[in-house]
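Side chains are part of it too, since the values below use all heavy atoms of this structure and drop only hydrogens, waters and symmetry mates.
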Amino acid sequence: QVQLVESGGGMVQAGGSLRLSCAASGRTFSSYTMGWFRQAPGKEREFVAAVSWSGGTTYSANSVRGRFTISRNNAKNAVYLQMNSLKPEDTAVYYCAARTERKTTVVTGGYDYWGQGTQVTVSS
């Protein structure tokens with residue numbers, strides 16, 4: 001069983017930055033693919049970014065590429081999402097997710113464990 005706890009959300013003006021953190025429990029964290037997803041009111045949950053178990057490969061959605069960066073620290077059982085140049089359309093609840101398969105996926109259903117989410121609000 002893996003428990004994921006997100007932190008770092010908040011309210012920021014357009015153009016600002018936030019750094020989300022996700023703390024994971026469990027001794028096998030370093031073998032998991034990790035991802036960030038988000039869900040805006042009235043919309044489906046969508047992929048934001050993912051990082052391979054080693055941290056060597058990352059993926060990001062077109063909508064955030066060049067602005068958001070995912071990274072991980074396996075020694076600390078943590079994954080991060082650095083968000084720069086935030087836009088009002090980035091407003092959503094952001095979720096951390098863990099996938100026990102090493103092959104990375106952007107599909108929501110491909111992740112096995114989820115955090116409770118952290119709210120990010122970007123004002124114009």
If you group Ile, Leu, Val, Met, Phe, Trp and Tyr by side-chain heavy-atom gaps below 4.5 Å, do Trp36 and Phe68 land in one group? yes
Side-chain heavy atoms nearer than 4.5 Å, only ILVMFWY residues, links allowed to pass through others: does that put Leu81 and Val51 together? yes
Between CG on residue Asn74 and OH on residue Tyr32, distance to nearest 0.5 Å: 12.0 Å
Determine the minimum heavy-atom distance between [X] and [Y], stating which atoms define it.
X	Y	result
Ile70	Tyr59	CG2-O, 4.5 Å
Leu18	Leu86	N-CD1, 3.8 Å
Ser17	Asn84	OG-OD1, 3.0 Å

Whichever hydrophobic residues join Trp53 through chains of side-chain contacts under 4.5 Å: none
Under a 4.5 Å cut-off applied to non-hydrogen side-chain atoms, are [X] and [Y] in contact?
X	Y	value
Tyr80	Thr69	no
Glu89	Thr91	no
Cys96	Met34	yes

Atom CD of Gln116: over 12 foreign heavy atoms under 6.0 Å: yes
Evaluate Tyr113 against Thr100 for side chain to side chain contact (heavy atoms under 4.5 Å, CB included), listing each step before the verdict. CA-CA 9 Å; Tyr113 301 101; Thr100 55; 3.9 Å; yes
Looking at residues at least two apart in the chain, or sitting in another chain, which of them share a salt bridge (charged side-chain N to carboxylate O under 4.0 Å, His left out) with Glu101? none
Salt bridge (charged side-chain N to carboxylate O under 4.0 Å, His left out) against Arg67, all qualifying residues, sequence neighbours excluded: Asp90
Output side-chain donor-acceptor pairs under 3.5 Å for residues 103-111, partner residues at least two apart or in another chain, one line each.
from: Thr105; atom 1: OG1; to: Val107; atom 2: N; distance (Å): 3.1
from: Tyr111; atom 1: OH; to: Thr105; atom 2: O; distance (Å): 2.7

Sequence neighbours excluded, the answer for side chain to side chain donor-acceptor pair (under 3.5 Å) partners of Ser21 is none
Ring pair (Phe, Tyr, Trp, His ring centres under 6.0 Å) partners of Phe47, counting only residues at least two apart: Phe37
